[in-house]
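Scroll down for the structure; my scribbles are underneath it.
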Amino acid sequence: MKLIIAIVKPFKLDDVREALVGAGVEGLTVSEVKGYGRQKGQTEIYRGAEYQVVFVPKVKLEAVVDDAAVGKAVEAVKAAAATGKIGDGKIFVVNVEEAIRIRTGETGSAAL
Amino acid sequence: MKLIIAIVKPFKLDDVREALVGAGVEGLTVSEVKGYGRQKGQTEIYRGAEYQVVFVPKVKLEAVVDDAAVGKAVEAVKAAAATGKIGDGKIFVVNVEEAIRIRTGETGSAAL
Amino acid sequence: MKLIIAIVKPFKLDDVREALVGAGVEGLTVSEVKGYGRQKGQTEIYRGAEYQVVFVPKVKLEAVVDDAAVGKAVEAVKAAAATGKIGDGKIFVVNVEEAIRIRTGETGSAAL
Amino acid sequence: MKIFGTFGLKRLGAIALAAAILGAPVMMAHPALAQDASSASSVAASSAPAAAAPAAAPAAASNDAVVTYPKDAVNSGDDAWMLTSSVLVLMMTIPGLALFYAGMVRKKNILATLAQSFGATALITVLWMVIGYSIAFTGHDPYIGDFKYFLLAPLNGDINIANTDLAPTIPESVYMFFQMTFAIITPALIAGALADRMKYSAFLLFMGAWLLLVYCPIAHWVWSAKGFLGTGGSIGALDYAGGTVVHLNAGTAGLVAALMLGKRKGLGTENFAPHNLAYSVIGASLLWVGWFGFNAGSAVEAHDGQAGMAAAATQIATAAAALAWMFVEWIVSKKPSVLGMISGAVAGLVAITPASGFVNPTGALAIGVAAGVVCYLSAVHLKKLIGYDDALDCWGVHGIGGALGAILTGVFASSKINSAGKGWLYDGNFHQVIAQFEDVGIVFVYCLVMTFIILGVLKLTIGIRVSEEVEQEGLDINLHGEVVHG
Amino acid sequence: MKIFGTFGLKRLGAIALAAAILGAPVMMAHPALAQDASSASSVAASSAPAAAAPAAAPAAASNDAVVTYPKDAVNSGDDAWMLTSSVLVLMMTIPGLALFYAGMVRKKNILATLAQSFGATALITVLWMVIGYSIAFTGHDPYIGDFKYFLLAPLNGDINIANTDLAPTIPESVYMFFQMTFAIITPALIAGALADRMKYSAFLLFMGAWLLLVYCPIAHWVWSAKGFLGTGGSIGALDYAGGTVVHLNAGTAGLVAALMLGKRKGLGTENFAPHNLAYSVIGASLLWVGWFGFNAGSAVEAHDGQAGMAAAATQIATAAAALAWMFVEWIVSKKPSVLGMISGAVAGLVAITPASGFVNPTGALAIGVAAGVVCYLSAVHLKKLIGYDDALDCWGVHGIGGALGAILTGVFASSKINSAGKGWLYDGNFHQVIAQFEDVGIVFVYCLVMTFIILGVLKLTIGIRVSEEVEQEGLDINLHGEVVHG
Amino acid sequence: MKIFGTFGLKRLGAIALAAAILGAPVMMAHPALAQDASSASSVAASSAPAAAAPAAAPAAASNDAVVTYPKDAVNSGDDAWMLTSSVLVLMMTIPGLALFYAGMVRKKNILATLAQSFGATALITVLWMVIGYSIAFTGHDPYIGDFKYFLLAPLNGDINIANTDLAPTIPESVYMFFQMTFAIITPALIAGALADRMKYSAFLLFMGAWLLLVYCPIAHWVWSAKGFLGTGGSIGALDYAGGTVVHLNAGTAGLVAALMLGKRKGLGTENFAPHNLAYSVIGASLLWVGWFGFNAGSAVEAHDGQAGMAAAATQIATAAAALAWMFVEWIVSKKPSVLGMISGAVAGLVAITPASGFVNPTGALAIGVAAGVVCYLSAVHLKKLIGYDDALDCWGVHGIGGALGAILTGVFASSKINSAGKGWLYDGNFHQVIAQFEDVGIVFVYCLVMTFIILGVLKLTIGIRVSEEVEQEGLDINLHGEVVHG
Ligand SMILES: Nc1ncnc2c1ncn2[C@@H]1O[C@H](COP(=O)(O)OP(=O)(O)O)[C@@H](O)[C@H]1O
Ligand SMILES: Nc1ncnc2c1ncn2[C@@H]1O[C@H](COP(=O)(O)OP(=O)(O)O)[C@@H](O)[C@H]1O
Ligand SMILES: Nc1ncnc2c1ncn2[C@@H]1O[C@H](COP(=O)(O)OP(=O)(O)O)[C@@H](O)[C@H]1O
């Protein structure tokens, strides 16, 4: 099993979720994060003091999928999250050694 | 060392933390996340418009533990987080190659 | 590629970010988290009821870096985040199998 | 429809209660009818053209003499102040009290807490217009008002009539509105005791029943022209702006409600820390600001020094209580909490309420200090000791503070401030202290019993507490379908 | 400078419009001039020392007789109430309306929404002082005021003069200020329809132009001494505090604006749930509280029962509407939402506005119930059916509610409450209902056409809508360079 | 107990200062005593039954003639307005100012900022009642009041007495309360300069000492019957509602405090962006709304056009300043920030304060525009240039704005508006401008020196700044044991 970590623009969240579901992913977990990268944050001004907001709001999706499903899932995220503009985000793939569904105790692919 | 990622219902946070501590885990890190899965979110209604809240509030616990302690820790989470109802959550186990305690520079198991 | 996960004190965020950038890291993602460990949280009192706040606010930085850059990046975080006091935090290193830049479709080190 | 439970039997009970709410006045009609002859004639008198009425504006009244105003002689300054006062007291409930309470609950219950104050405001307004004012503030029976003002009928014919007994220099519409704002906030205060766990349907029925069966009679006893508890009646207790009628009353009902609902799930193990005390500070500030309508407005005029002195006493006592609570907490708990400061201020406002028109500045200072210390002890320590879950300290602050203020009124009232109030300390009239105790006792017992009955009936029929799951997930999403995202 | 677009042509257009805003009154001067002789003499009369003026304080006026006050005879009670009322109405806009709207938008647009109310308040104040008051509330022409009060010049010479036609017992400075607060809130209300997508520069220009070209004329038609729509004119419509002048007017403009701006991006697919309804509850509460300045203040005095009765009617109708909306929603959608309760309250406030000084308590109750049900249907169901994006229901609540209230005023007005208003039900005067319909029709059509023209010009010149990216990222950071972190 | 440091020596110092706070008036007693004979007789006169007092209500006074009212002749309209004004000014501090400031700090300091306004309100109320009012507003000494009103003793005997010098038509309780609300907000304003880093114990001691040693004397100099700076004294400066007494005074103290505390840790490197400007918008709006109590209330009556004209001037100047700041910022920084708009409004309110009862609408407009531009420059650019850390611009807005307004009052005062104020432009009286400069200079220097001494003593004894760690972690959790979770 692999953990797919996708960092995308917040307004793409729903599109990406739907794409993943379309690719057979049945569950995922989302966090609100702040990203730093090529895309620069905006400037806030308060009484003359400028605050360069170095971080840009992003959302991080994490989905654990079967090895076989990784390719399709990655493609789905790529297609759904892309706008072609700087800051579209990244996808990382990490190996997962075990997965357990708390409710049933199922493990491995059955737990996803 | 392994990273145990547990996604559980928010009101189980304290129980799970205590169970992990009971299982010998000395540190952990918690984030507030939103989950998507079999459990469906509730419906908000605003002046006639219904908004299906697809995401359900969850908390994510991350604890890095010694290889030897993984089994006990996973069991502890399972026992403490279960309500038997849909949405109880998942546990994922990921391999960790190195751990460092910033304060002392200790590495490996000593750092946990 | 490796995913460096650093859990540090919130007011060190900017220092750590700058140190990582100084070490050649070009992107990273930050979340606000709550930590549990040796450092104890403070006590809130409300009309006589004391609430021991077991969790301490922390920030989690995640940066995926080239294998070659791991050492330098870890050192950078260590130096920038240390205050010498309990609660300075941890660094974990996890293996990453693939990375993709959504905008361009680049993969591997080129995507970072 | 989910409002009224699911079983025929339960529904029946609920309908019976709803009927009782509206029917209550009818049931009360019998004793009241006996008084009709006399009260009718007094109303007639008040609407008859006052023959000898001088055409000029009313002269400023000395605070001793009782001045009779002709029916058309609205004093524009009195009218302006009483309109303003009414608006201020309304602001105390929405948004004042609503925010004060909402800031103290957990995030998942913020909107439900706001909905309690807001919904109560709407419901009570209508009930007051239908019958509440009539049974509380009209007639000369010592126990209950009469029915002449059903739907405020007398106001349909002449907008310039006055309640000559109680507010001779302003239009009765204004007096009715002013008293309405009191009738709104009193039941709304109870919400502090039942936070986080009451069904909204049961809450509304409770509010309506309690208004008509508890608040209106007690208001009549203490404040109507011949009510048996007040200065026109046999007991002769002093209650300027509602120490017993409003605060002890609401506090007692809160205590009963807290006991009948049971503790909140997770109390003692989960973190119940207030979600956003900034809201509570706004709320407490608006309560403080609005309370001048409450206390200084209770002069029901602005043509002499009464309203001003009540305002000064209110400000002094409130500040003293805030400081007292703050310093005691600072010493005991090592930190002066913001919640402590604002709770102290509210305690001071509560305790000075019955005394505000009777005491001098020094008396106000003393009452304020006492209120800050005593309410700190009751809200923080007594509650812990006994263990009921009066979530936001309705009993600890309003019940205890109201009773304390009522009794101290008997001690500190000075006839130099108000000839109607001779107290122990300045006028040597110990009898007044006894009268105050009687007032406190009667209001406490009546409210206790009636609140128990009302909530008992509701508990046996539609139920008063939400399910465990709803409590866990939050009232906002479950009862109202909304959440605060901010 | 980014304010006025980037093309010379567009800039030209904008400048032309800005000129038109300030020039409008000049263009109107011609017809007005014809009236100068008569109106000048009336002003002269009002500032001349009233020879036979009694030196004593004014006696309380019966509500039938028209009392003439000498120029210096400020009634202190009336003055106190009207100052208070002005302050209350100002509070309705800031922070009341600002919060009511800001709580309903998404987090990224909170500050921009607040900036609309706040900026409009500042801009309109200055325009009103320069010329707005003059063209709306002076002179005896049925169609437009005159220019005598440019920069409020007459107030420079004597602080005690009164607008003897409209407010004889208070200083004209107070009356000018009171009406200013109405002039502020009316355009500000429109912001509810154009939330989340309008350029701030275009917004301000729109506010200014609309004030002078739409609000001022209509206020003159209905409320000035001889305005053709009002009781002194040929149509004779009743509008106590602004059902048509304020609410139908703002609502109609909102409808036009919603249609011309187009729908918000993502409507129907993204989650547009209000970010923080706690703000909206504070806002609605302050609107409720402040509205007594609006309605009871429209008595323009406090020396008889007028203001009090208007206050009572307001309170009753508002509560009834809140309950009505809540219960209908509870039945239809299974849950009583907090947004529903507060929207119902606002609907009740809107509908009782034109009627408040004319109806008795029972009439107020009926109007309240009608408003709650009808506005629920229009804001929730009609909007869905037709599909315009009136974001925060400016048309659904203010437009529909204002028209409904105006018409029901003709039905329920009772000459026993106000001799100036004989309605259908109590006085058998069906003609009044027709007059009300005429009033509604004329205001609706005039506002529709003029708003369309103003926004059309702006659209063709500087543009009225932000770019898609700005809308996506949020107005706060893009238009104002700030965000809410909380 | 952590309140007063840990060392005997430091504790000693603190106790000495606390003693000084309460002892100050005693030290001042000597010069005051010399005046006792005369002031005693005046008090006696005011409480003696006014023999020839007409029984009728007071006739409306022309604004020129000084009318003497008999002691019982409370004018109900004046009383209503002054009660309302007092309540409005109280609302300016809590919750107005509290929110205005709290919205601008970082999340970890929100509650501590609210606690400053709230705690100051409570503390100052009590000190004012004990001795503040007495030394500020009684007696005929040009430099300091007398002791007769210790604990407000004279009010114990008769609720209808008036301060015949300063407020003849309302009860003295009301005048005392009105002035109390000024005494509360002035020190509370200083908190803007010391945000995010002051110890709460030191803050409270500072507030108390500053009230008695700085505010009370200055208020006496400018506003008491024979104060040497005011219209009854040798300098003859005009300060209608407190441009120097309140705003320049608080601003100067803020400047000193900012310099003595030093900069906030992290300034210039960390993000100090306001956490929640929505709170600041609510706060600024309530300041705006409440300021009518401040300025129009300073007429101390409502029986002629004074209060109304002051209200109109206030509204116009405020709006003009908000627009001016907004447009200048729009041009300079390309975006009109919400913080800019509300800061501009506050700047306008500050600058019109001394002028409000003396200028006509056009004068108000001019002062408003000047205030918006000048305060923008001082708060945004001057501060950057010089580099002190006046966190929330107490000096930049209140100090500069107050001085500017005071001087422009000399320029724009028109004797047609107020016969007591002859200015340069309309009345050719350049001398008034000089008097205004003298007033500004004296208040500035006295406040500078005294504030330096008070803070110096505190710094050397208990310390005034929190530890670096506490500052880093936040004042809320460390000083008050609470946090905002929302
Ligand atoms: N090396 C990295 N490790 C972790 N997160 C990264 C890394 N690089 C970028 N990110 C995340 O991806 C987001 C987008 O990256 P950015 O460089 O701005 O644009 P792009 O995705 O177009 O290359 C960043 O805001 C950050 O959250
Ligand atoms: N494949 C997955 N990858 C990551 N997170 C998941 C995955 N499946 C479920 N989750 C997380 O676990 C939570 C619970 O899953 P759900 O399917 O609702 O119920 P259950 O745990 O009973 O199977 C989800 O809300 C989501 O946060
Ligand atoms: N085993 C662990 N797994 C995950 N996070 C940990 C672990 N141990 C500590 N942490 C995180 O590191 C933070 C600091 O740890 P703590 O034990 O308080 O102090 P120190 O870093 O000085 O050892 C914790 O608050 C927690 O967020």
Side-chain angles (χ1 to χ4, degrees), chain D residues 56-60 62-63 75-78 80-81 84 88 107 273-279 281-282 285-286 288-289 292 296 301-309 311-312 315-316 318-320 322-323 326 330-331 333-339 341-342 345 360-362 365 414 416-417 486, chain F residues 1-3 55-57 72-81 83-84 86-87 90-91 94-95 98-99 102 110-112 114-115 118-119 121-126 129 151-152 155-161 170-174 176-177 180 200 279 282 476 479-486:
Chain D
S62 104
N63 65 326
N75 178 316
S76 65
D78 293 355
W81 174 238
T84 303
L88 286 171
K107 190 176 182 185
H275 181 65
N276 189 348
L277 280 177
Y279 289 165
V281 174
I282 308 178
S285 300
L286 293 180
W288 188 337
V289 166
F292 294 98
E301 46 84 5
H303 57 253
D304 60 24
Q306 285 279 349
M309 186 51 97
Q315 176 72 11
I316 291 164
T318 306
L323 292 180
M326 181 179 88
W330 206 334
I331 292 166
S333 305
K334 306 284 177 278
K335 277 176 188 167
S337 74
V338 172
L339 183 58
M341 291 176 212
I342 61 178
N360 62 33
T362 312
L365 192 69
S414 157
K416 289 207 180 126
I417 299 300
Chain F
M1 203 173 74
K2 242 181 99 177
I3 312 177
D72 276 348
V74 170
N75 178 317
S76 64
D78 293 356
D79 196 25
W81 174 237
L83 281 164
T84 304
S86 308
V87 169
L90 179 63
M91 186 177 76
I94 50 166
L99 285 170
I110 289 180
L111 294 175
L114 295 171
F118 206 90
T121 301
L123 179 70
I124 292 164
T125 294
V126 171
M129 175 263 187
L151 286 175
L152 304 176
L155 303 189
N156 294 348
D158 183 350
I159 63 171
N160 292 318
I161 58 166
I170 57 171
E172 186 155 18
S173 55
V174 175
M176 182 282 300
F177 179 32
M180 180 194 280
Y200 195 61
Y279 288 164
I282 307 178
D476 289 4
L479 300 188
H480 303 288
E482 300 160 314
V483 295
V484 164
H485 295 269

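Side chains included, hydrogens not; waters and symmetry mates left out as well; all remaining heavy atoms used. In the text below, chain A, chain B and the rest are named by the order of the sequence lines, each starting its count at 1. Quantities reported herein were computed from a predicted structural model and do not represent experimental measurements.
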Handout entry: For D/Val338, all residues meeting side-chain contact (heavy atoms from CB on, under 4.5 Å), sequence neighbours excluded
Key = D/Val281, F/Leu111, F/Ala115, F/His480, F/Glu482
Handout entry: Shortest non-hydrogen separation from D/Ala273 to F/His485 and the atoms involved
Key = CB-NE2, 3.8 Å
Handout entry: Candidates F/Val87, F/Thr125, F/Val126 - the one meeting side chain to side chain contact (heavy atoms under 4.5 Å, CB included) with D/Gln315
Key = F/Thr125
Problem - Inter-residue atom distance D/Ile417.CD1 - F/Asp158.CG, 0.5 Å rounding - result: 8.5 Å
Handout entry: Spacing of F/Leu114 atom CG and D/Ile342 atom CD1 [to the nearest 0.5 Å]
Key = 9.0 Å
Handout entry: Residue pair D/Trp288, F/Leu90: steps toward the side chain to side chain contact (heavy atoms under 4.5 Å, CB included) verdict
Key = CA-CA 9 Å; D/Trp288 188 337; F/Leu90 179 63; 3.8 Å; yes
Completion exercise
Nearest heavy-atom contact between D/Gly305 and F/Val74 is N-CG2, 4.5 Å
Problem - Between CG on residue D/Asn360 and CG on residue F/Leu151, distance to nearest 0.5 Å - result: 9.5 Å
Problem - Minimum heavy-atom distance between F/Ser76 and D/Asp78, given as atom pair plus value - result: CB-OD1, 3.6 Å
Exercise for the section: Count the heavy-atom pairs under 4.5 Å between each of D/Pro336, D/Ala322, D/Ala80, D/Ala312 and chain F, then report the option with the highest count. Expected result: D/Pro336
Problem - Heavy-atom pairs under 4.5 Å with chain D, option from F/Ile110, F/Leu155, F/Ile170 with the top count - result: F/Leu155
Fill in the blank from the handout: Of D/Ile316, D/Thr84, D/Thr318, the largest count of non-hydrogen pairs under 4.5 angstrom with chain F goes to D/Ile316
Problem - D/Trp81 CH2 to F/Asp79 CG distance, which is reported to the nearest 0.5 Å - result: 8.5 Å
Problem - Beyond-backbone contact of F/Asn156 with D/Lys416, side-chain heavy atoms, under 4.5 angstrom - result: no
Fill in the blank from the handout: Greatest number of non-hydrogen atom pairs under 4.5 angstrom with chain D, of F/Pro171, F/Ser173, F/Gly77, falls to F/Ser173
Exercise for the section: Check whether D/Leu339 gets within reach of chain F through its side chain, its backbone, both or neither, counting any heavy atom under 4.5 Å. Expected result: both
Exercise for the section: Carefully, step by step, assess D/Gln306 and F/Ile159 under the rule side chain to side chain contact (heavy atoms under 4.5 Å, CB included). Expected result: CA-CA 7 Å; D/Gln306 285 279 349; F/Ile159 63 171; 4.0 Å; yes
Handout entry: Taking every non-hydrogen atom, the tightest pair across F/Leu83 and D/Ala311
Key = CD2-CB, 4.0 Å
Handout entry: Distance, nearest 0.5 Å, that separates CE of F/Met91 from CG of D/Leu286
Key = 8.0 Å
Problem - Which portion of D/Met326 sits near chain F, non-hydrogen atoms under 4.5 angstrom - result: side chain
Exercise for the section: Under 4.5 Å heavy-atom distance to chain D, tell me which part of F/Leu99 shows up: side chain, backbone, both or neither. Expected result: side chain
